[in-house]
Amino acid sequence: MKKPRIVDKKWLVIAIIIVSLVVFSVLEEQKTVSTRAIVLAISLDWKDNEYEMGIQVLKTDGQQDKQEFITYSTTGTQMTEIISKLSQDTGGTVSLCHTMALILGQNLLTKDNDKAIRFFVENEELCNNTMIVASKGSPLEVLSAKLSNGQGGGYYIGGMLRNIVTDLGVIPIIVKDYIKNRYRIGGCVYMPCVSVEKTGDTTFISVKESFVTDGHNYAILSENATKGLSLTLNKLKGGELSYSFDNKMGQVEIVKTSADIKAQKDTATVKIKAKLNDRAYVPENIDEKRSVEALQKNVKSYVEECFKTCQEQGLDIFFLGQRVYAQGKDFYMQSDFLENMQLKVEVDITMK
C-alpha cells in the first residue's frame, strides 16, 4: 500500500527557496539600515566652479550620554559624485531623507540656477519639509559650529525653525515652498539668513535677518525689515512689538495681524491691521493714543525698509507682479514695473 504524499517535492523546494529569500532580504535590510549615515543637516555652496558640500551626522555609540555631532565635507562638480565621496568618508551609505536643514551659501543661491536644489527634489533625496536657510558667511562654518548646549549648528537650526517663536520675525521656508515661490512671477524667494556669533566663550547661531533672491540679485533684510516682511505676508501672528517714546521703551503683545496688498500701475498699497495687548510693558505717563501712534510709525517703517531694500535690487518681494497677473492685467511685464512703483502703507492698530 502506497503512503500518502503530504507535500509535492517541487512545491517543497519552492517553499524553501521563498523562505530563504525572505530571511535573506530581512537580514540584508537590517544590515543596510545599520550601515547608513543618517544626515541631520547639509551645507552647500558654489566655490571655484564646483560644489562644496558638508553633512552633519550624529554618532552615539549606542549610549545616549555619548552623543557627538560630526561634520564631513568634500567638493566636486556633480552631486552624485559628492554624495559617493561622503559615503566613503563616513563608512556608510549617506541617507538624506531625514535631513532637517539645508544651509545654502550666497554664491549657490545666485549663481547655480537652482541646479543643486533641483537635484535634491527631482531625485527625492530630501523630504518636503526640510528647512532651507541662507548663510551670511560660510555655510560649512554654520553647519559645523559647536554650540554651548553641545548641539551641532545644523541640527540646532533645523530644530529651532520647526519650533520657531513668531516674534523672531523670520519666516521658515521648506523645500516645497522654495520651489513654489521660484515659479511665481518674479521668482522671488525669501528665507532666514543665519550666521555664527560669539560672545566671550559662548558660540550661538543668530537667526534675525532674511535673505531674498531671484536667483541672480539678492538683498539681506535687517531685523526690522524682516518684521516688515512677516507682517506684510501675514506670517507674524504673535510675539511682541517694541517701541520708544520720550526715551522710554515699551512692548506690546501681538494678538492678531492681517495684511492686504493691492497693486496699481504705479502704486502698491499695503494695509495692515493689528490687534495688540498692552500687558507686556507700557511706559509710565503715556496714554494709549500715543502708544498706538508710536507703534504705527514703527510698523510702517519696517514695511517701507523691507520694500525699499528689495526694490533697489529689483526684487519683487511682495509678489506684486503675481497680484497684477491675477487681475488679468499685463503692465507687470514692463521693464520698469517695479522700479517706478511707489509704496503706500496704512497701519490700523487697536489695543485689546
I317: which of T309, L229, D214 passes side chain to side chain contact (heavy atoms under 4.5 Å, CB included): L229

Test side chain to side chain contact (heavy atoms under 4.5 Å, CB included) applied to I42 and I103, V94, L102, the passing residue: L102

Distance-only side-chain donor-acceptor flag, S242 / Q251, under 3.5 Å: yes

Between E197 and T199, a side-chain donor and acceptor under 3.5 Å: no

Would you find a donor on one side and an acceptor on the other, under 3.5 Å apart, between the side chain of [X] and the backbone of [Y]?
| X | Y | result |
| --- | --- | --- |
| E209 | S195 | no |
| E253 | N277 | no |
| T99 | L96 | yes |
| R162 | M100 | yes |
| Q311 | L338 | yes |
| D114 | R118 | no |
| Q322 | I185 | yes |
| T226 | S210 | yes |
| D316 | G321 | yes |
| T267 | Q342 | no |

Does some side-chain heavy atom of [Y] sit less than 4.5 Å from a side-chain heavy atom of [X]?
| X | Y | answer |
| --- | --- | --- |
| T110 | W46 | no |
| K235 | Y190 | yes |
| F120 | V175 | no |
| Y178 | V121 | no |
| N298 | K227 | no |

Give a yes or no on whether [X] and [Y] share a hydrophobic cluster (residues Ile, Leu, Val, Met, Phe, Trp, Tyr; joining criterion: side-chain heavy atoms under 4.5 Å apart).
| X | Y | value |
| --- | --- | --- |
| Y183 | I173 | yes |
| F204 | F69 | no |
| I70 | L44 | yes |
| V255 | L231 | no |

Gap separating the [atom1] atom of [X] from the [atom2] atom of [Y], nearest 0.5 angstrom:
| X | Y | atom1 | atom2 | value |
| --- | --- | --- | --- | --- |
| Q296 | I272 | CD | CD1 | 11.0 Å |
| Y72 | M53 | OH | CE | 14.0 Å |
| L221 | F211 | CG | CZ | 10.0 Å |
| I117 | L126 | CD1 | CG | 9.5 Å |
| C127 | H98 | SG | NE2 | 8.5 Å |
| M160 | I205 | CE | CD1 | 8.5 Å |

Check whether more than 12 heavy atoms from other residues, nucleotides or ligands sit under 6.0 Å from atom [atom1] of [X], and answer yes or no.
| X | atom1 | result |
| --- | --- | --- |
| Y218 | OH | no |
| K265 | NZ | no |
| Y155 | OH | no |
| D48 | CG | no |
| K146 | NZ | yes |

For [X] against [Y], the heavy-atom pair lying closest together:
| X | Y | answer |
| --- | --- | --- |
| L315 | C188 | CB-SG, 4.0 Å |
| E305 | S222 | OE2-OG, 2.6 Å |
| C306 | A225 | CB-O, 3.4 Å |

Aromatic plane relationship, Y332 with Y325 - under 30° parallel, 30 to 60° tilted, over 60° perpendicular: perpendicular

Worked check of side-chain contact (heavy atoms from CB on, under 4.5 Å) between K275 and T350: CA-CA 5 Å; K275 288 185 179 180; T350 56; 3.5 Å; yes

List, one per line, each side-chain donor-acceptor pair under 3.5 Å for residues 77-86, sequence neighbours excluded.
from	atom 1	to	atom 2	distance (Å)
E81	OE2	K85	NZ	3.4
K85	NZ	T75	O	2.9

